[in-house]
Number of protein chains: 2
Amino acid sequence: MTVSRAAEKSSEKPADSAKGRKDAAEVQGQGAAGEALQLGELSEQLGYVLKRAQLKVFENFLRCMASLQLTPAQFSVLLLVEKNPGRNQTEIASTLGILRPNFVAMLDNLESRDLCARIRSTNDRRSHILVLTDKGKAVLARAKKLVATKHEARLNELLGQANREALIAMLAKVASEF
Amino acid sequence: MTVSRAAEKSSEKPADSAKGRKDAAEVQGQGAAGEALQLGELSEQLGYVLKRAQLKVFENFLRCMASLQLTPAQFSVLLLVEKNPGRNQTEIASTLGILRPNFVAMLDNLESRDLCARIRSTNDRRSHILVLTDKGKAVLARAKKLVATKHEARLNELLGQANREALIAMLAKVASEF
DNA sequence: TATTGTTATACTCTATAACTATA
DNA sequence: TATAGTTATAGAGTATAACAATA
């Protein structure tokens with residue numbers, strides 16, 4: 001357990017004062033039983049809607065990719081390696097915001113599925129050059145089609161083409177400049 | 001380790017074939033050493049920009065809230081309890097997409113800091129009604145001011161008021177309908 | 001000495017089963 | 001029996017230190 005429950009248990013709750021009990025009595029009648037809660041200002045909070053949207057989009061992505069068993073992170077690795085062949089693990093990982101130690105297991109997975117290969121560099125024998133295998137290229141091509149016809153298409157039908165592009169442009173700006 | 005490294009080790013890499021070595025030779029010269037990588041299609045991927053934007057926004061939120069030591073999740077709990085007094089843990093947690101077991105430690109934390117209180121319901125003694133303490137109300141008020149003057153203000157200066165509202169509206173739509 | 005890939009490790013989030021006390 | 005809160009636990013994702021091989 002991260003948050004110490006013992007610390008909480010050992011401190012008397014200040015709400016258990018005379019004033020606290022008065023508040024308790026006041027609140028007992030409130031909160032209309034079966035009704036939906038009001039989000040209030042929460043629905044205007046950037047971080048809140050951003051997080052909820054991200055979870056939904058990832059869920060949809062995973063459903064669209066079920067037949068290929070690719071996560072968003074794995075898809076991003078394949079895309080980046082295809083676009084930048086001849087780069088090493090450190091370069092690919094850091095571009096994606098993945099820490100080098102955490103990239104090892106990811107690559108182990110992709111390599112064990114014969115989607116990607118590590119090649120010892122002849123220039124610098126410390127480096128592993130990353131390349132897509134033929135199977136990796138084929139799977140990525142199929143993945144791109146699924147993304148375009150199922151995932152992006154869903155977003156287009158929800159927002160329209162123009163809004164979809166505007167949304168992505170704004171998110172890219174936030175990601176790079178916020 | 002989640003992904004079995006043994007499984008990968010036990011399978012010979014298909015890239016270590018005659019064809020694989022030929023590809024390796026081809027790729028060794030590529031990848032201009034010190035230059036930045038090209039994101040390519042990645043910068044158009046909704047999930048990718050969404051995730052990167054979300055991380056940046058949360059980081060900024062945490063910096064703005066450093067003096068109050070409130071995370072985005074904690075802020076959302078305080079906002080929702082203030083807007084919906086008299087509701088129990090299950091209702092507050094599920095509205096926020098937090099699983100009940102995981103909500104316990106969160107509330108322990110907020111209660112130990114005297115921001116929030118659990119009150120045993122008189123109608124149903126299984127339920128804990130949630131309310132903000134006086135300190136919780138005061139801290140939330142200060143938090144709202146910090147969010148408005150630092151966090152939201154930053155987004156406004158980056159996108160402009162109209163675009164900011166459009167962005168949040170689109171994210172809300174994606175979160176609820178995607 | 002510095003860097004690449006790697007291991008070990010720890011902390012946070014998230015997810016499920018099962019317990020207790022109430023209903 | 002069903003539900004609210006809780007505990008224990010397991011799995012992802014993320015973070016840092018340190019090691020071997022190489023530069």
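A, B, ... follow the sequence lines: proteins, then strands. Residue 1 opens every chain. No experiment lies behind these values; they were computed from the predicted model shown.
Nearest-nucleotide assignment on DNA chain D puts the 5′-proximal partner with B:Thr90, out of B:Thr90 and A:Ile98. Where A:Leu55 and A:His128 each meet DNA chain C at their nearest nucleotide, the meeting point lying more 5' is that of A:His128.
Heavy atoms from other residues, nucleotides or ligands lying under 6.0 Å from CZ of A:Arg142 number 12 at most.
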Output a table of donor-acceptor pairs, distance under 3.5 Å, between side-chain atoms of residues 44-51 of chain B and any protein atom two or more places apart or on a different chain; print 'none' if there are none.
unit_1  : atom_1 : unit_2  : atom_2 : d
B:Tyr48 : OH     : B:Arg52 : NH1    : 3.2

Side-chain donor-acceptor contacts of residues 169-177 of chain A below 3.5 Å, not counting sequence neighbours, with atom names and distances?
unit_1   : atom_1 : unit_2   : atom_2 : d
A:Ser176 : OG     : A:Ala172 : O      : 3.1
A:Ser176 : OG     : A:Lys173 : O      : 3.4

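Sorted by first then second residue, the ring pair (Phe, Tyr, Trp, His ring centres under 6.0 Å) pairs that include residues 151-178 of chain B, not counting sequence neighbours, are A:His151-B:Phe178, A:Phe178-B:His151, B:Phe61-B:His151. Sequence neighbours left out, not one pair with a member in residues 78-114 of chain B passes ring pair (Phe, Tyr, Trp, His ring centres under 6.0 Å).
With rounding to the nearest 0.5 Å, the separation of CG in B:Leu155 from CD1 in B:Ile168 is 6.5 Å.
Distance, B:Arg87 CZ to D:dG5 C1': 18 Å, rounded to whole Å. A straight line from CZ of B:Arg100 to P of C:dC13 spans 18 Å, rounded to a whole angstrom. Look at CG on A:Asn102: it is 14 Å from P on D:dA17, rounded to the nearest Å. Nucleotide C:dT6 holds its C1' atom 12 Å from the CG atom of A:Leu107, rounded to whole Å. Here D:dT14 presents its C1' atom at 12 Å from CD of B:Glu59, a figure rounded to the nearest Å. At whole-Å resolution of the value, CZ in A:Phe103 and C1' in D:dA15 are 17 Å apart. Rounding to whole angstrom units, CD1 of residue B:Ile92 and C1' of D:dA4 are separated by 14 Å. The distance between atom CG of B:Leu96 and atom P of C:dT14, rounded to the nearest whole Å, is 11 Å.
Of all non-hydrogen atoms in B:Leu68 and B:Leu146, the two that sit nearest each other are CD1-CD1, 3.7 Å.
Side-chain contact between B:Arg63 and B:Arg154 is absent, with no heavy atoms from C-beta onward closer than 4.5 Å.
The residues A:Glu111 and A:Arg118 are annotated as salt-bridged, a charged nitrogen and a carboxylate oxygen being separated by less than 4.0 angstrom.
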Notebook entry, point to check: Which nucleotides of nucleotides 18-23 of chain C have their base under 4.0 Å from a protein heavy atom (B), which only their sugar-phosphate (S), and which neither (-), written as one string 5' to 3'?
Noted result: ---BBS
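Secondary-structure annotation of DNA chain D gives the stems C:1-23 with D:1-23, with a stem taken as at least 3 successive Watson-Crick or G-U pairs whose two distances both fall under 3.5 Å.
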